[in-house]
Each structure stands twice: as structure tokens, then as C-alpha cells.
Amino acid sequence: MLIDFHTHTSASDGELSPSALMARASSLGLGALAITDHDTLEGLKSAASHVPDNLQLVSGVELSCLWGGANIHIVGLGFDVAAPAITALIARQSAARERRALKIAQRLEQAGFSGAYDGAMSVAKGAELGRPHFAKWMVSEGLVDSETRAFDRYLGRGKPGDVKTFWPALAEVVAELVAAGGMAVLAHPLHYSMTRMKLRALCADFAEAGGRGIEISSGRQTQDEIAKLTRLAQEFGFYASVGSDFHRPWQHGPELGVPTTVARDVAGVWEVVL
Ligand code: MN
Ligand code: MN
Ligand code: MN
């Protein structure tokens with residue numbers, strides 16, 4: 001079966017509307033899809049009323065949090081959208097994102113880019129503000145020649161706009177997801193540039209907090225990487241999750257859908273949430 005448990009819509013930094021994303025998933029033959037926008041359920045909620053017949057929609061969200069000074073992403077799956085724990089968690093993430101956006105804007109102002117906050121707001125069109133909106137605004141104003149350049153110089157890791165101090169702790173986010181009846185999945189573990197020892201410490205703390213899943217495939221993963229992550233799943237008793245981290249149709253980027261057969265010798269989260 002082809003599924004995708006990590007995707008974004010225009011409710012966060014994705015390009016497609018929730019219904020366009022589901023239509024694409026359906027036409028590509030996916031059996032199940034989780035919409036996992038950054039820190040918001042708006043895309044998921046608007047999708048819920050018009051799911052194509054042949055597609056199973058799974059509740060999802062991608063939450064930013066902190067662990068040992070690093071910005072970690074947790075994908076929540078299969079929770080009850082109406083649970084008080086998830087509502088409170090999203091409200092908290094939203095407030096943290098707002099404070100972070102103000103701080104990023106302030107840093108960009110200090111770097112000489114005035115009007116950053118209002119500019120990013122106008123680009124976001126009601127979506128939760130994130131660094132990509134600042135990057136788009138900088139390009140539209142001709143302040144940088146590409147979004148990549150905006151990240152390289154001003155918004156990426158170690159740059160003025162790299163603000164992460166406002167996110168809640170990983171253990172807190174995992175506990176709330178579990179309280180809402182969901183499964184917490186460690187997103188794209190190889191994106192954090194951690195040593196093997198540090199990644200294992202993260203997995204141990206994540207499991208201790210109640211985390212039960214780990215992405216073994218997120219976008220373009222090599223066989224080697226999948227094998228490495230599968231071993232990690234086995235070591236900590238995690239279920240394997242798969243997704244594309246799809247943001248937009250792009251010939252150089254991942255397409256929607258990952259075959260569940262990439263999970264060998266380890267149980268898949270889909271065995272629990274579907
Ligand atoms: Mn994103
Ligand atoms: Mn992520
Ligand atoms: Mn993502």
C-alpha cells in the first residue's frame with residue numbers, strides 16, 4: 001500500500017489547499033494520508049468534510065519543540081481532533097509561533113529590513129507565520145534574489161532569524177499528544193545533524209516521554225539511511241512511520257506517497273492508526 005503520513009498544505013507552508021492535496025493523493029493511488037501542517041489543525045479540519053472515497057484521512061500535525069537546545073519536530077498521528085489536550089497544545093504552539101515571528105521580525109529589522117513583520121503577514125495570508133513567509137517577503141521586495149539565499153544569509157541555522165527559544169520542551173509536547181489519544185512520531189531524525197550518540201540519547205528521552213514512532217523515510221531517503229533508522233526503531237521498540245514531507249509539486253522534490261513495504265522487520269504506525 002502507498003501511504004503518506006507527513007504532508008503540508010497551504011494552512012502552513014505547503015502550496016496546495018487541503019482539498020487539492022487530497023485529490024493529488026487520491027489520483028496517485030494512495031490509500032491513506034495524514035495532513036501534518038506545522039503547529040496547526042486548520043488544514044486538517046477543512047479537509048475532513050470532503051475526503052475522496054478511496055482515501056483514508058488520518059489526523060496529523062507537525063509540532064516544533066526543544067530538546068537539549070535543538071529544535072526537534074514531532075509528528076502527531078491519529079489523535080482526537082476535539083480532545084482538550086490537543087486544543088490547548090495547538091493554542092500554546094500558536095502563541096509560541098507568534099512570539100517567535102515577532103522576534104524574527106525584530107532581528108530582521110535590526111539587520112536593516114524594515115517592515116518585515118507586516119510583509120511576512122501579507123505573504124502568509126492568514127496561515128501561521130514561519131520563516132518561509134519572511135523569505136518569500138524578502139524575495140518579493142527584491143531584498144534577496146531567492147528564498148534559498150534568504151535562508152543562507154538571514155534565516156537559516158545560526159543566522160539572525162534562527163529563533164527557536166520559544167518552543168515547549170519535547171516531553172511536554174509528547175505528553176499532550178498522548179493525552180489526546182495520538183501517537184507521537186519523531187520526524188526526520190537525520191535532519192538534526194546529530195552524532196549517533198546524541199541521536200540515541202534523543203530517542204531514549206523521546207521513548208521515556210511516551211513517544212512510540214520514528215520516521216524511517218521522509219522525503220528522499222537512501223536505502224542506507226532507511227536501514228540505519230530501522231535499526232534505531234528496533235533498538236527502541238518504535239513503530240516505523242513513512243511520509244514524503246511534501247510541501248509542493250516540484251520535479252526536484254519528493255512526490256506524495258511511500259510504499260509501506262519500506263518497513264521491513266519492524267511494525268508500521270499504520271498498523272496502529274488505520
Ligand atoms: Mn515546512
Ligand atoms: Mn520538519
Ligand atoms: Mn514537515
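Residues take their numbers from the sequence shown, with the count starting at 1.
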- Item | Counterpart residues, side chain to side chain contact (heavy atoms under 4.5 Å, CB included), relative to Ala25 (two or more places apart) | Leu30, Leu33, Leu55, Leu256

So does [Y] get a backbone contact from the side chain of [X], meaning a donor-acceptor N/O pair under 3.5 Å?
| X | Y | value |
| --- | --- | --- |
| Arg97 | Leu129 | yes |
| Gln221 | Ser218 | yes |
| Arg248 | Asp13 | yes |
| Glu15 | Thr9 | no |
| Arg131 | Gly156 | no |

Tell me whether [X] shares a hydrophobic cluster with [Y], the cluster being built from Ile, Leu, Val, Met, Phe, Trp, Tyr side chains joined at under 4.5 Å.
| X | Y | answer |
| --- | --- | --- |
| Leu177 | Leu57 | yes |
| Trp167 | Ile74 | no |
| Leu108 | Val139 | yes |
| Val81 | Met183 | yes |
| Val266 | Val242 | no |

Nearest 0.5 angstrom please: [X] [atom1] to [Y] [atom2], how far?
| X | Y | atom1 | atom2 | result |
| --- | --- | --- | --- | --- |
| Ile214 | Gln234 | CD1 | CD | 11.0 Å |
| His188 | Ile72 | NE2 | CD1 | 9.0 Å |
| Ile104 | Lys159 | CD1 | NZ | 15.0 Å |
| Arg231 | Ile226 | CZ | CD1 | 12.0 Å |
| Phe246 | Leu21 | CZ | CG | 6.5 Å |
| Glu42 | Ile35 | CD | CD1 | 12.0 Å |

- Message: Test of understanding: with ring-ring contact (aromatic ring centres under 6.0 Å, His included), list the residues that count as partners of His50, not counting sequence neighbours.
- Response: none

- Step by step, would you call His73 with Tyr192 a side chain to side chain contact (heavy atoms under 4.5 Å, CB included)? CA-CA 9 Å; His73 287 177; Tyr192 308 121; 3.7 Å; yes

- In chain order, what residues pass the salt bridge (Lys or Arg N to Asp or Glu O under 4.0 Å) check against Arg107, with sequence neighbours excluded? none

State, with a plain yes or no, whether a side-chain heavy atom of [X] is found less than 4.5 Å away from one of [Y].
| X | Y | result |
| --- | --- | --- |
| Met121 | Tyr117 | yes |
| Lys228 | Asp224 | no |
| Arg157 | Ser193 | yes |

- Message: So, applying side chain to side chain donor-acceptor pair (under 3.5 Å) with Ser12, which one of Asp39, Asp37, Thr36 is it?
- Response: Asp37

Name all residues meeting the side chain to side chain donor-acceptor pair (under 3.5 Å) criterion together with [X]; count only those two or more places apart in sequence or in a different chain, and write none if there are none.
| X | value |
| --- | --- |
| Asp245 | His6, His8 |
| Ser94 | Glu128 |
| Thr230 | none |

- Message: Does atom CZ (Arg92) have a neighbourhood of more than 12 heavy atoms from anything else shown, all under 6.0 Å?
- Response: yes

- Over 12 foreign heavy atoms within 6.0 Å of CD, Glu208: no

- Task: Measure up the His252 and Trp250 rings against each other and bin them: parallel (under 30°), tilted (30 to 60°), perpendicular (over 60°).
- Result: perpendicular

